[in-house]
Amino acid sequence: MARRDLFTALLVAVLWGCNFLAIHALLGHFPPLFAGALRFAVIAVPTVLFVPWPKVKLRHLLGYGLGFGTGQFAFLFIAMDNGMPTGLASLVLQASAPFTVLLGAVFLRERFSVRQTVGITVAIAAMVMIAAQRAENAALLPVLLTLMAALSWAVGNLSTRRAKPSNALHFTLWMSVVPPLPMLALSMVVEGPGAGWHALTTIGTTSGWTSMAGLAYIVLLGTIAGSGLWTMLMQKYPAGRVAPFSLLVPVVGMSAAFVFLGERPHPVEIISGVVLVAGVLLGSTQGGQRRADRDLTGEDVEAPVLRERLVQ
């Protein structure tokens, strides 16, 4: 990889890692479900007006939008609003990679190697360690919600596998059209019909301006810039050379939370995090000789990693 592209990959990891700080800022003023609807609505409007249709079947776009968009961010935002540490959230969300491999084997009859099996086992063991540690401190629910977010992300990936979009960035941007309405409906039922609108009317407060800065970061840097650069790298290099850089996201996320939010992860969480990242790396790549193993859609077995890191 050229030096400039190496720095680009590192920049994307930084942008995505700091994205969790932006989510923390957004949730400081808006209810979580309404914040999720707002986060996607800001992207959806210009997408409909200016981005070409990705030329995929509607059911695949809906599946990706409901899984990756609605499910993932509803669970993630609720988890962080209920005490899930920002840095730990960036780490536990990496469980989406082994979840994708497992769901692909169950529903798409995809094969995976011994190395991937070991990686998935290691990742699951790390998640159990984190859950056990949090349970001792009566904070298990936010971890479980974050794992549900990772599982929803993986469910969305199955639709992506079927869709096989020719332009991954256009597909991801059009996915943003799906979540606003269901998330807004959930917000009205769970949070009350006036909670989100009240937050909008008080946007001129200090917390309101901070949350809008977080929203701007999520949309402009985390989504458009980060996804655009990542897609460019994926088009230029094999997935196996680019995807491992996404494993730096939780490192950046936990470090940023330590510096800016004063979060102090428990030693068990740090050790579990190292184990989880190692398991994700093993479970997301084929390893061994580069055989022509392909799934039923004709894609290489490393393809889930290509798209599942497009947007944080």
Side-chain angles (χ1 to χ4, degrees), residues 9-36 38-40 42-43 68-69 71-97 126-127 130 134 139 141-153 172 176 179 183 207 210-227 229-230 245-266 269-270 272-274 276-277 280 308-312:
L10 293 174
L11 174 61
V12 173
V14 172
L15 291 176
W16 284 349
C18 292
N19 205 41
F20 288 87
L21 291 181
I23 293 174
H24 175 84
L26 179 62
L27 295 177
H29 184 77
F30 288 99
L33 291 171
F34 188 86
L38 187 64
R39 174 246 194 271
F40 283 106
V42 171
I43 303 175
F68 177 87
Q72 178 190 185
F73 286 94
F75 283 120
L76 176 63
F77 281 18
I78 292 174
M80 293 180 65
D81 190 60
N82 283 273
M84 183 66 176
T86 303
L88 189 61
S90 69
L91 173 65
V92 175
L93 204 60
Q94 298 300 309
S96 63
M127 288 185 284
I130 292 173
R134 300 299 293 183
L141 180 60
V143 174
L144 296 179
L145 289 172
T146 308
L147 287 174
M148 289 300 298
L151 181 60
S152 298
W153 185 351
T172 301
S176 300
M183 294 192 82
S207 65
T210 301
S211 69
M212 293 308 292
L215 179 62
Y217 183 99
I218 293 169
V219 173
L220 298 176
L221 297 179
T223 301
I224 297 176
S227 298
L229 293 172
W230 187 259
F245 284 95
S246 67
L247 297 179
L248 295 175
V249 172
V251 177
V252 175
M254 297 188 77
S255 299
F258 176 85
V259 173
F260 294 103
L261 302 179
E263 292 185 1
R264 301 293 188 270
H266 191 278
E269 295 173 354
I270 296 176
S272 302
V274 174
L276 177 58
V277 170
V280 168
E308 74 171 41
R309 307 295 181 187
L310 279 175
V311 178
Q312 290 291 335

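Just so you know, residue 1 is the first one in the sequence shown, and it goes up from there.
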Asks: Starting at CG of L38, measure out to CD1 of I43 and round the result to the nearest 0.5 Å.
Replies: 10.0 Å
Asks: A35: what forms a side chain to side chain contact (heavy atoms under 4.5 Å, CB included) with it, not counting sequence neighbours?
Replies: L26, L27, F30, F77
Asks: Give me the atom names and distance for the closest heavy-atom approach of G87 to E263.
Replies: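 Scanning both residues, the minimum pair turns out to be N-OE1, 3.0 Å.
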Asks: Just verifying a value: how many Å separate S90 OG and W16 CH2, rounded to the nearest 0.5 Å?
Replies: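 Output value for this atom pair is 13.5 Å.
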Asks: What closest approach, in Å, do L91 and G273 show between heavy atoms, and which atom pair accounts for it?
Replies: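 Answer, listing the atom of L91 first, then G273: CD2-CA, 3.3 Å.
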Asks: When rounded to the nearest 0.5 angstrom, what distance separates OG1 in T146 from CD1 in I78?
Replies: 10.5 Å
Asks: Do Y217 side-chain atoms and I23 backbone N/O form a donor-acceptor pair below 3.5 Å?
Replies: no
Asks: Test side chain to side chain contact (heavy atoms under 4.5 Å, CB included) on W230 and S246; report intermediate values, then the result.
Replies: CA-CA 10 Å; W230 187 259; S246 67; 4.0 Å; yes
Asks: Of the non-hydrogen atoms in P179 and F40, which two are nearest, and what is the gap between them?
Replies: CB-CD1, 3.6 Å
Asks: With side-chain hydrogen bond (donor to acceptor under 3.5 Å, both in side chains) as the rule and sequence neighbours excluded, what pairs involving residues 73-82 come up?
Replies: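 Output for this query is empty, none listed.
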Asks: Looking at residues at least two apart in the chain, or sitting in another chain, which of them share a side chain to side chain contact (heavy atoms under 4.5 Å, CB included) with I270?
Replies: P265
Asks: Which of these passes side-chain contact (heavy atoms from CB on, under 4.5 Å) with F245: V249, L247, L248?
Replies: L248
Asks: Rounded to the nearest 0.5 Å, how far does CG of L261 lie from CE of M254?
Replies: 12.0 Å
Asks: Using 0.5 Å steps for rounding, measure from the CZ atom of R134 to the CD atom of E269.
Replies: 5.0 Å
Asks: Looking at every heavy atom in both P142 and A139, which two are closest together, and how far apart are they?
Replies: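 So the minimum-distance heavy-atom pair works out to CD-O, 3.4 Å.
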Asks: Got a second to check how far L276's CG is from I130's CD1, nearest 0.5 Å?
Replies: 5.5 Å
Asks: Holding to side-chain hydrogen bond (donor to acceptor under 3.5 Å, both in side chains), I want the full list of residues that pass it with T210, two or more places apart in sequence or in another chain.
Replies: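 So T210 forms no side-chain hydrogen bond (donor to acceptor under 3.5 Å, both in side chains) with any residue.
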Asks: Check whether Q94 reaches the backbone of P250 with its side chain - one donor and one acceptor, N or O, closer than 3.5 Å.
Replies: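 Not a single qualifying donor-acceptor pair exists.
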Asks: Only counting residues at least two apart or in another chain, list the ones meeting side chain to side chain contact (heavy atoms under 4.5 Å, CB included) with A149.
Replies: Q72, F75, L76, L93
Asks: Which pair of non-hydrogen atoms, one from L215 and one from R39, has the smallest distance, and what is that distance?
Replies: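 Shortest heavy-atom separation between L215 and R39 comes out as CD1-CA, 3.8 Å.
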Asks: To check you understand the geometry: which heavy-atom pair defines the closest contact between A126 and S272, and what is its length?
Replies: CB-O, 3.4 Å
Asks: Which residues pass the side chain to side chain contact (heavy atoms under 4.5 Å, CB included) test with A95, sequence neighbours left out?
Replies: F99, M127, L147, A150
